[in-house]
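Since the structure comes first, as structure tokens, the remarks are kept for the end.
Letters go in sequence order (proteins before strands), and every chain restarts at 1.
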Amino acid sequence: MDYKNTVNLLETEFPMRGDLAKREPLMLDKWYKEDRYNKLRKKCKGRKKFILHDGPPYANGDIHLGHAVNKVLKDIVVRSKTIAGFDAPYVPGWDCHGLPIEHKVEKDHGKNIPAKEFREKCRKYAKEQVEIQKKGFKRLGILGDWENPYLTMDYKVEADTVRALGEIYKNGYLQSGKKPVHWCIECGSALAEAEVEYQDKVSPAIFVKFKIVDKNIFKAFNGSIDNNLDVYAIIWTTTPWTLPANQAICVGHDIQYALVKAHNSYLLIAKDLVESVINQKENVDHEIVAITEGGKLEGFKSQHPFYTDRIVPIILGEHVTTDTGTGIVHTAPAHGIEDYQVGLKYKLEIHNPVGDDGSFISNTPLFAGLKVWAANAKVIETLDEKQALWSQSKLNHSYPHCWRHKTPLIFRATSQWFISMDVANHAGKTLRKQALESIDKTGFSPSWGRARLEAMIKNRPDWCVSRQRNWGTPMTFFVHRETGELHPDSYTILEQVAQKIENSGIDAWFDPELTGESLHIKDAVNYRKLTDTIDVWFDSGATHFSVLKRREELLSPADLYLEGSDQHRGWFQSSLLTGCAINGRAPYNHLLTHGFTVDENGHKMSKSKGNGIEPIEIMNQYGADILRLWVASSDYSGELSLSNEILKRTADNYRRIRNTLRFLLANLADFNFANDEVKLDDLVEVDKYALIRLHSVQDKVVNKLYASFQFHLAIQELVNYCSEDLGGFYLDILKDRLYTSKADCHARRSCQTVLYHLTKSLALMFSPILCFTADEVWETIQNDKSDSTLYHTYHQVPVIHDSEMLQYKWGQIEELRVIILKELENKRVEGVIGSSLQADLVIKAEEQLFEILSALGNDLKFVYMVSSVVIEKATTTDVTVIPSSNLKCERCWHYSDTVGSNHEHNTICNRCVENVVGNGEIRQFA
RNA sequence: GUUUCUAUAGUUCAGUAGGUAGAACAUCCGCUUGAUAAGCGGCAGGUCGUAAGUUCGAGUCUUGCUAGAAACACCA
């Protein structure tokens, strides 16, 4: 008789190899045909909501690894929350306005396109990009409302973005002001940072003397000083034309300044730069007579070098260095960002004498009508006449140029709109204060996010929200032609306009037919339409207002915003500010950030280095589940590193998981839970122990690790569990029972009952990460091709009584197993045995362990996978391995003295006879 | 340059209140051939980025340095 046919070797449709690259797309087709997202929404109706609000990626270009990491993390959150019993809708979004798209369209169609047509082309381009990215995200297995995403260029969203600005205006935060921007004289317009390129340029470099008019400055110094001599602070500049706009000279608080006697006057220069400045001229006798620190110079007045009616103060600035120049910086707030910022601090006038065409306006003394470049020479000449020039030379340095004209740019103050950080609202609170208070109430993962955001809010300047662009949400205000004031009815006018935008998009505002008159605003003739657009960060920052509040299935504040750490400066902040300015609080309760992707050496990925890896390539080679597993295995609080080796290791882990699940499914192929379940109290003891372990692992993974978004610890716990608890212990010792006991006997049904719980629990626990594989398992175990893990909550693992006692007992048994395995290995190395079933075991054990082991009786040998065990009471624990002298049972491979004792079945043992022709063996413990 | 971070075996990660460094995977060796392009066992792998300091004692606390990341700024 061929006893092989009497062994329960089962087959499963669940393939060993995932073949994910090929099969995932087929699964996706099915999922979308079944409309699983909407089906899920119906099933979740009435549950507590969990809102993860999607930060909109910019609609330009194929998805890269960073996108993939971000979306996969979001998906793991959404899926794990869903399975934990929440209603967790996910509405993906896209950021559609803005410069990069304008550039792309300009590049493809030229730049002399009428504005309306230009915007149409931008809209069309953005739409195409959205579709491309959407396809990639869906391929990743991201679950979401892909049929109805939100786009910042949706008419409704555009209208609500306008309304959001209206609310901020109503609450008193919107202000006009001047700010220096990169200005191209040829374009006659402001340039964005991205349109600026740096090229070398030769500029005049001049040292200029500012006479200090306040003799009290000597009190800042110690030393013997001649009070009758004049003091000149020397500044250095490479843009002489900015001197007409000079409002101050700036020193560093901690920098040492020297009073240098030369040419019968005193010069003020940073101590470290004295020689280099004096040496601009030849043979100057000089002597340092006193030293002081910059902090003591604050407030003293000096005389502007050529405008005699202008007295400018010495101020302190953090940007002052002693690398070059004199350690004293000429400050023209209209012509430099740092000058502007320090100017705000000291309330300096932002005086901009330069017109749109780059020439000085008509009321500028000395230089009216001159182009700034021509003015350079004239300024130098004037300084020389006034004897305010110490020296001049040329400097070749890197300087900003227009990327179109390749001509040098200037910094020039222009009228802009700001959301003010420091103006108190009706309740007496500034936006900065509200934002800081909101940060306090927000949760952060990792926790340092709070400090980072806080530092940024504390230091940030007012938010300049106006842009001189075409493809953006318009600032739908009317301003007075002369005063520049907003129309008194702005709030109601804005709502009128918003309604039009809701119907026909932002073009409604740019339509020349839309005028103050056509809207019947008061005093229309004296008001003009603003042509500025809003900073695109405002669009996305206001989505709590334009999306969360508007869509029925969503809520504001959201439970969670989840983005890369760069968004502390970006979306987290723009959302916080609009949230506070509109509603007085942050639009989120918790912020979670992840790092960026780097290679195995921790270097960022870039095309030029050639160390980049494309998500599409990973999915085509390994499959989305591998990519997802990599994301889940990484500690995303720092950088996520990826290389071919890391991918291979990830695929190794995947195979282990998959094979464990396959083994479970295969051994459940003849098991029907409804009919074959063994009641808890009747389970074989080691099966109870396995359930206890499963319960504890699930509790940790679900309630501790998933709940705190520590996915890498969850996956580690799960993989360890599959390897250690299951592969290395439970499943290994179960094989004998599964294969050799009678198919429908209690012993076998007992462990199948546990395998059933195991499979369901594991499939659900893996499903937030391995969404494809888990559902593949799920269809098999449920025997229902249209079921999904998504439609279920975490498995209810049965609770075993006396779990502590059983854990202790089996813990002891497992500990001894380690010693036994080592001893078996020793004998294997000696060549005494091969398979552990060739061994008989003699265990010497202390009293307590002896009792535990003895209680298992005949079942103990199955735990240690040997042919027989003899236990002896002793004072110390000891294990002896003896090769069995019995015959090997052809069927169960145990060595037994009963082999041959049955005449009809003389090649198998009595246990097997019972299992083949009897009622099946009895197992109580293992 | 500033701010906020990161740095533990080949790889991914643990390391809780400072007390002789852990896991999994991979490598290597062996067993098995009834999870088989699988499974099981065993050995080996680390001066915890670096240098000081605090301490009886530091991967764990402090400081400097180096390398890497993000954001911001700058070249007057």
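- The aromatic rings of Tyr739(A) and Phe663(A) sit perpendicular, their planes meeting at an angle over 60°, well past the 30° parallel limit.
- Each of Asn601(A) and Asp652(A) was matched to the nucleotide of RNA chain B holding its nearest heavy atom; the match closer to the 5' end belongs to Asp652(A).
- Taking the syn range as angles within 90° of 0, the glycosidic angle of rG53(B) is outside it, so the base is anti.
- Listed nucleotides rA69(B), rA24(B), rU12(B) differ in distance to Glu724(A); the shortest reach to its side chain belongs to rA24(B).
- A distance of about 26 Å separates the C1' atoms of rG59(B) and rC43(B), rounded to the whole Å.
- Counting only heavy atoms from C-beta outward, the side chains of Phe411(A) and His182(A) approach each other to under 4.5 Å.
- For rG68(B) and rU36(B), the P atoms lie 48 Å apart once the distance is rounded to whole Å.
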> Dot-bracket for RNA chain B, 5' to 3', with Watson-Crick and G-U pairs under 3.5 Å, [ ] for crossing pairs and | for other-strand pairs: what is it?
Replying inline: (((((((..((((........))))..((((.......))))......(((((.......))))))))))))....
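- Looking at heavy-atom distances under 4.0 Å, Arg649(A) makes contact with a base.
- Nucleic acid contact for His712(A): sugar-phosphate only, since backbone atoms but no base atoms lie under 4.0 Å from a heavy atom of the residue.
- Checking each of Val631(A), Leu640(A), Asp635(A), Leu705(A) against His712(A) for a side-chain contact (heavy atoms from CB on, under 4.5 Å) leaves exactly one that passes, namely Asp635(A).
- Nearest nucleotide to the Arg452(A) side chain, out of rA24(B), rA70(B), rC25(B): rA70(B).
- Residues Arg828(A) and Glu825(A) are paired through a salt bridge, judged by an N-O separation under 4.0 Å between the basic side chain and the carboxylate.
- The side chain of Ser637(A) contributes no N or O atom lying less than 4.0 Å from OP1 or OP2 of rU6(B).
- Side-chain to base pairing of Glu825(A) with rG41(B): one donor and one acceptor N or O lie within less than 3.5 Å of each other.
- If you check rA24(B), rA69(B), rC13(B) against the side chain of Asn653(A), the one that comes closest is rA24(B).
- Of the candidates rC72(B), rA70(B), rC25(B), rA70(B) carries the atom nearest the Ser565(A) side chain, counting heavy atoms from C-beta on.
- Nucleotides rU27(B) and rG39(B) are separated by 12 Å at their P atoms, to the nearest Å.
- Scored by the ring pair (Phe, Tyr, Trp, His ring centres under 6.0 Å) test, Phe572(A) finds His568(A) as partners (sequence neighbours excluded).
- Among rU11(B), rA70(B), rA14(B), the nucleotide with an atom closest to any side-chain atom of Ile646(A) is rU11(B).
- Under the side-chain hydrogen bond (donor to acceptor under 3.5 Å, both in side chains) test applied with Thr907(A), the options Glu890(A), Arg891(A), Lys888(A) reduce to a single match, Glu890(A).
- Rounded to an integer number of Å, the gap from CD of Glu600(A) to C1' of rG68(B) is 13 Å.
- Using atom P as the reference point in both rU62(B) and rA38(B), the two lie 48 Å apart (nearest Å).
- Counting any heavy atom pair closer than 4.0 Å across all strands shown, Trp448(A) reaches sugar-phosphate atoms only and no base atom.
- Here Asp732(A) pairs with Lys735(A) in a salt bridge; the nearest charged N to carboxylate O distance falls below 4.0 Å.
- When heavy atoms are screened at a 4.0 angstrom cut-off, Ile235(A) is found touching no nucleic acid atom at all.
- Salt-bridge formation is detected for the pair Arg748(A)/Asp670(A): a Lys NZ or Arg NE/NH1/NH2 atom is positioned less than 4.0 Å from an Asp or Glu carboxylate oxygen.
- Nucleic acid contact for Val829(A): none, since no nucleic acid atom lies under 4.0 Å from a heavy atom of the residue.
- Nearest approach of Arg450(A) to Phe444(A), heavy atoms of both residues: N-CD2, 3.3 Å.
- Looking at Glu724(A) and Arg693(A), no side-chain N of the basic residue comes within less than 4.0 Å of a carboxylate O on the acidic one, giving no salt bridge.
- rA21(B) and rA9(B) have their C1' atoms separated by 10 Å, given to the nearest Å.
- Annotation: side chain of Phe14(A) is not in contact with side chain of Ile781(A) (no heavy-atom distance under 4.5 Å).
- Between rC61(B) and rA17(B), the two P atoms lie 11 Å apart (nearest whole Å).
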>> Counting primed atoms plus P, OP1 and OP2 as sugar-phosphate and everything else as base, spell out the protein contacts along nucleotides 31-40 of chain B at 4.0 Å heavy-atom distance: B, S or - for each nucleotide, 5' to 3'.
In response: SSSBBSBSSS
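- Distance check on atom C1': rU50(B) versus rA14(B) gives 24 Å, rounded to whole Å.
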